[in-house]
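All remarks here apply to the structure that follows.
Each ligand, and each atom within it, is numbered from 1 in the order the structure gives.
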Amino acid sequence: MKLPSLLLLSLVTTLLFLTYPYHTAALTCYDNIDPLNRNKHVPVECDNSKLGIRSSVSWMKTLRSWRPFASKTSKRATGTNAFKISLSCSAGTTLCAKVKNAFDLAGIMLSQTLSLSTPITVNATFLNFCQQLNQCASPGGYLTLGGAAPARTIPMKDDDQTIRLYPQALVKQQLTDQSVNFGPFDIVALFNSEANFWFQGDGGIQHTQSDFLFVILHELVHGLGFTSSWDDYINMTPEALTPDISTTTKGGQQTIGFTEYAFDKYMVIANTGQRMSEITAQLNQFSSGSSATTIQQYGRAFKSSPQYSLATQMFKYATTRGAMVFLPIGQTDISQGVVLETSLIPYSQGSSVSHVDYKKYTDTSDFLMRYLQDRGVSLGDAIVQGGNYSGGSIGPQLKSILESLGYATQDNPNPYRPKPSASGSPDIFVQSKTLILLIVFTTIFLSRNEWNL
Ligand SMILES: *[C@@H]1O[C@H](CO)[C@@H](O)[C@H](O)[C@H]1NC(C)=O
Ligand SMILES: *[C@@H]1O[C@H](CO)[C@@H](O)[C@H](O)[C@H]1NC(C)=O
Ligand SMILES: [Zn+2]
C-alpha cells in the first residue's frame with residue numbers, strides 16, 4: 001500500500017469515527033411523580049456511562065457482577081432492617097414516634113423474608129391529605145390511607161428479549177456496577193395523618209381503625225414491584241387496558257410504545273392460558289406503524305386502530321372475577337397461580353389488577369395484598385385468621401411473586417435476573433469503532449516500519 005492511500009484511509013476512518021454519534025447508548029428511566037398513582041411517571045435520563053468507551057467497560061463489569069451464582073447470602077444478616085426510611089412527619093412527636101416505630105417493624109419483617117444485599121431507601125411522608133394535598137374524603141366516602149410506588153423504574157432486558165421496567169429497589173440488589181444512575185430513593189410513600197390509624201401498644205383496635213403497620217407493609221410491597229402496568233392510559237372513563245405508554249429512544253430515534261413492568265411478565269389469562277405479554281406484542285404491532293410524536297396523538301390513533309379491540313377485551317378480563325392470574329416463575333399449572341383482583345365493578349384504577357383477589361385470599365396466609373384492608377383487624381389478627389403462617393405476614397404466594405420478580409430469599413438465594421438493557425447495540429458500535437481504529441493504526445505503524453527499513 002502506498003502512503004497517500006493509507007493516509008486517505010485513516011483520514012476517512014477517523015472522520016467516520018468522529019461523525020458517528022460516539023455515545024449512542026441512552027437509558028431512559030421513569031420517576032414516579034405521585035405515590036398515590038403508581039402508573040404516573042416521567043422519563044429521566046439515567047445512563048451513568050458518560051463516554052462510549054466507559055460504556056463498554058462498564059458493560060463488561062456488569063457481566064462480571066451479574067454472576068448467576070454470586071453468593072452474597074452468607075453476609076446477609078436476617079432479622080436486621082435493610083430498609084432506610086427518611087420520614088417526614090408533621091403530626092407531633094408522639095404520633096411521629098409511633099409512625100417511625102411502625103416503619104422499623106415493617107422493614108424488619110420484609111428483611112426477614114427477603115435476602116437484601118443492598119439497603120432499600122424509602123422517602124416516606126406522613127401528612128394531612130386534605131389540608132396539605134387538598135385531597136379530602138367525600139362525605140361518607142373512603143379516606144385514602146396512603147400509597148407507595150417504586151420511586152424509579154429502570155428498563156431491563158428479560159430472557160424473552162423484551163425490555164420491561166424494573167423497580168430500582170430490585171435492580172440495586174442485582175446490578176452492582178455504576179452503569180445506571182440511581183435516584184436517591186427506591187420507594188416513595190405518602191400516608192394520610194387524617195386517617196384513624198391504630199398503632200402497636202395503643203390497646204385494643206377499634207372497629208373503625210386501620211392498623212398502620214398493616215397499611216405500610218402492604219404499600220412497601222407495592223414499592224418493591226408488586227405493581228402491574230395494565231391500566232387505561234387513554235380514556236377518562238376506563239374501557240381499554242394496555243401496558244404503560246412510554247417514549248423510548250431506539251438508535252437515536254424517539255419511539256412510543258407499550259412497555260410492561262417486571263410484574264406483567266408473569267401475568268396470564270386464566271381461561272386461555274395466554275401470557276399477557278403476547279397481547280402486548282400484538283398491541284405493539286400498532287406502535288411500530290405509528291408516527292405519533294406525543295402520547296396524546298398516539299392514544300387517539302390507537303383508539304381507531306384494529307388493535308384497540310384487544311385492549312377493550314383486556315378491560316373485560318380486568319372486570320371478570322378470576323380472569324387474570326400471576327403464574328410464578330417455574331409454575332405451569334394455572335390453577336396454582338395467584339388470582340389477581342379482577343372482580344371490582346366498576347374497574348377501579350389502582351385497586352383492580354395490582355392486588356390479589358379479595359374473596360379468595362381473605363382468611364388465608366396471603367391476605368396482605370388484597371385491595372381493601374378490613375378495619376378493626378390488626379396485622380396480628382390477620383395472621384392468626386390466616387392460620388398462623390410461619391412466615392408471618394408475607395404469605396407463601398406473595399413470597400413466590402417477589403421471588404419471580406427477582407428478589408432473593410433464603411429458600412431461593414439465586415433468583416432470576418434480567419440483563420441491563422443498555423448493553424445491546426450501542427456497545428457493539430463503540431467496540432467496532434475501536435476495532436477499526438486499531439486496525440488502521442496498526443496498518444500505519446507496520447507500513448511505517450516498512451518505509452523506515
Ligand atoms: C419525598 O417525596 C415527597 C413527595 O412524595 C417530595 O415532596 C419530597 O421532596 C421528597 N423528599 C426528598 C428528600 O426528596
Ligand atoms: C393461632 O395462634 C393463636 C394464638 O397464638 C391460637 O389461638 C390459634 O388457635 C392458632 N390457630 C391455628 C389455626 O393454629
Ligand atoms: Zn394496594
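- Among protein heavy atoms, the minimum distance from atom 13 (C) of ligand 1 is reached at F185 CE1, 3.8 Å.
- Looking at Q200 and L213, their side chains come closer than 4.5 Å, going by heavy atoms from C-beta outward.
- For ligand 2, the atoms lying closer than 4.0 Å to a non-hydrogen atom of N388 are 1 (C), 2 (O), 3 (C), 8 (C), 10 (C), 11 (N), 12 (C), 14 (O).
- Distances from atom 5 (O) of ligand 2 to the protein include no heavy-atom value under 4.0 Å.
- Of all heavy-atom pairs spanning W230 and T280, the tightest one is CZ2-OG1, 3.2 Å.
- No donor-acceptor pair closer than 3.5 Å links the side chain of Q307 to the backbone N or O of N284.
- By heavy-atom distance, the residue among L36, D34, L190, N123 lying nearest atom 1 (C) of ligand 1 is N123.
- For atom 9 (O) of ligand 1, the protein comes within 4.0 Å by no heavy atom at all.
- When only modelled atom types and interatomic distance are considered, S354 and R38 share no side-chain donor-acceptor pair under 3.5 Å.
- The NE2 atom of H355 and the NE2 atom of H222 subtend an angle of 100° at the Zn ion (ligand 3), given to the nearest 10 degrees.
- Under the 3.5 Å distance criterion, the side-chain polar atoms of D31 are left unmatched by any main-chain donor or acceptor of V42.
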